[in-house]
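Throughout, protein chains are lettered first and strands after them, A, B, ... in sequence-line order, and every chain is numbered starting at 1.
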2 protein chains.
Amino acid sequence: MDWKKLFPQFEPELIEIIEKNAVQKTFAAGEVIMRTGQYIKSTALVLEGQIKIYRENQDGGEFLMYYLEPGQACAVSMICALQSETSEITAIAEVDTEVLLIPVQLMDDLMNQYKSWYQFVIQTYRSRFDELISVVDNIAFHNMDERLEFYLKRHAKNSGKNVIETSHQQIADDLNSSREVISRLLKKDGAAKIS
Amino acid sequence: MDWKKLFPQFEPELIEIIEKNAVQKTFAAGEVIMRTGQYIKSTALVLEGQIKIYRENQDGGEFLMYYLEPGQACAVSMICALQSETSEITAIAEVDTEVLLIPVQLMDDLMNQYKSWYQFVIQTYRSRFDELISVVDNIAFHNMDERLEFYLKRHAKNSGKNVIETSHQQIADDLNSSREVISRLLKKDGAAKIS
DNA sequence: CTTGTTTTGTGACAGCTATCACATGAACTA
DNA sequence: TAGTTCATGTGATAGCTGTCACAAAACAAG
């Protein structure tokens, strides 16, 4: 697959270096890409599919933070990789997903030598930071009905479809809520949502 | 004041450049340093005092995200500065605070030329990102009593004192809750807290 | 001391959400 | 067709939190 089209801002030399050193890897839908506490040894560029980034707590609760799409990179792995630390989040492949793994050792060089890479990294930080802030916004200021609406809209936007195929249970998990609540809300708001 | 001690990792040449180009500024307690939607033209290094970073929503609700201490920098302003964008958060001086303002134009040069600056920026991103994740954790997985406990502990740690001097109302605002709730919880948990 | 202001305590109540228990329905298989 | 499994609907209930109303305390200043 021609991954370069996903990163048009990269200069040719940078692309060459990445192609020489990075490893392409495929994850099946549902497969865990990065687990809480795991040691990070490379940064992932998403080529195809979708990665779900979420937080787990001790009691088995989980909470969706955001999705990574083709053309994006994992900010957490970047940060961790540059400091050889472990991550605090979990990443799983939502669907069959292909990524390009760039080894840590390369990161510093790329940052120093390629302006386009440097700007890509900054851009990645910014967008993930913004995303996190909007997540905080949501849970800090909004009730479940509004959070659900936000969730559905984001989901629709991400998938490009108007019909969302997920179980109520899955939605409840993503929002750290419970199935019954989601069912009730969907029924209640459903009427308003059709408009 | 000798600010260099706060940033021992900076190489002499970098310090020189900063001294030549940065502007030192003092904010009185309560003064707004950065407002939502404001255009960012410089990055702030905290020299003295404490800056409170929080999110506001339309209805006047607010929500504390974290504090900036001497020796730290504002990640949001870095990100925004590098992209000439507006911020989504508000920063006010908790107490009388002194900062060093580094103009945007300088940022790119510093990043390219000084490894210690580059690493400082990365470190800043990482710590703020981690902080945000722990904030998400808190509101996603914990009830008000636990959030209050977390808040008090952090507050005590930041101020270095064991006695916290704030009104219940202020705590309620920071947690986007209401005074009565805080009062009751403090009374209830108080017994357990003395231990 | 008296008065006014700010902070804190308390009870009543309503709304939201988690949980339990169980019913219904839909889809698939033997 | 009957049985099985998974997804969804529904009622009852309890706990947490926000809100209102008002009382009690603490504090400052005249």
Salt-bridge test for B/Glu19 and B/Lys4: reply yes if a basic N is under 4.0 Å from a carboxylate O, no otherwise. yes
Chain A vs DNA chain C, heavy-atom contacts under 4.0 Å, first-to-last nucleotide span, 5' to 3', is C/dC16 to C/dA21
Which nucleotide sits closest to the side chain of A/His168: D/dA12, D/dT17, D/dT8? D/dT8
With sequence neighbours left out, the residues meeting salt bridge (charged side-chain N to carboxylate O under 4.0 Å, His left out) with A/Glu94 are none
Side-chain H-bond candidate by donor/acceptor type, A/Ser116 with A/Glu11, under 3.5 Å: yes
Round to the nearest Å and state the distance from A/Asn143 atom CG to D/dT17 atom P. 13 Å
What parts of residues 173-182 of chain A reach DNA chain D, counting only heavy atoms under 4.0 Å away? A/Arg179, A/Glu180
I need the CE-C1' distance between A/Met144 and D/dC16, as an integer number of Å. 14 Å
Modelled atom types, side-chain donor and acceptor of A/Tyr114 and A/Glu13, under 3.5 Å: yes
Round to the nearest Å and state the distance from A/Gln170 atom CD to D/dT8 atom P. 11 Å
Can we say A/Lys153 and A/Glu149 salt-bridge, meaning some charged N sits less than 4.0 Å from an Asp/Glu carboxylate O? yes
Taking the six-membered ring of A/Tyr66 as reference, does the cationic atom of A/Arg128 (NZ for Lys, CZ for Arg) lie under 6.0 Å from its centre and within 45° of its axis? yes
Given that B/Arg184 and B/Gln169 both sit by DNA chain C, which one's nearest nucleotide is further toward the 5' end? B/Gln169
When rounded to the nearest 0.5 angstrom, what distance separates CG in A/Leu175 from CD in A/Gln170? 10.0 Å
So that I can tick it off, tell me whether A/Lys52 and A/Asp174 are bridged by a salt bridge, with the cut-off set at under 4.0 angstrom between side-chain N and carboxylate O. yes
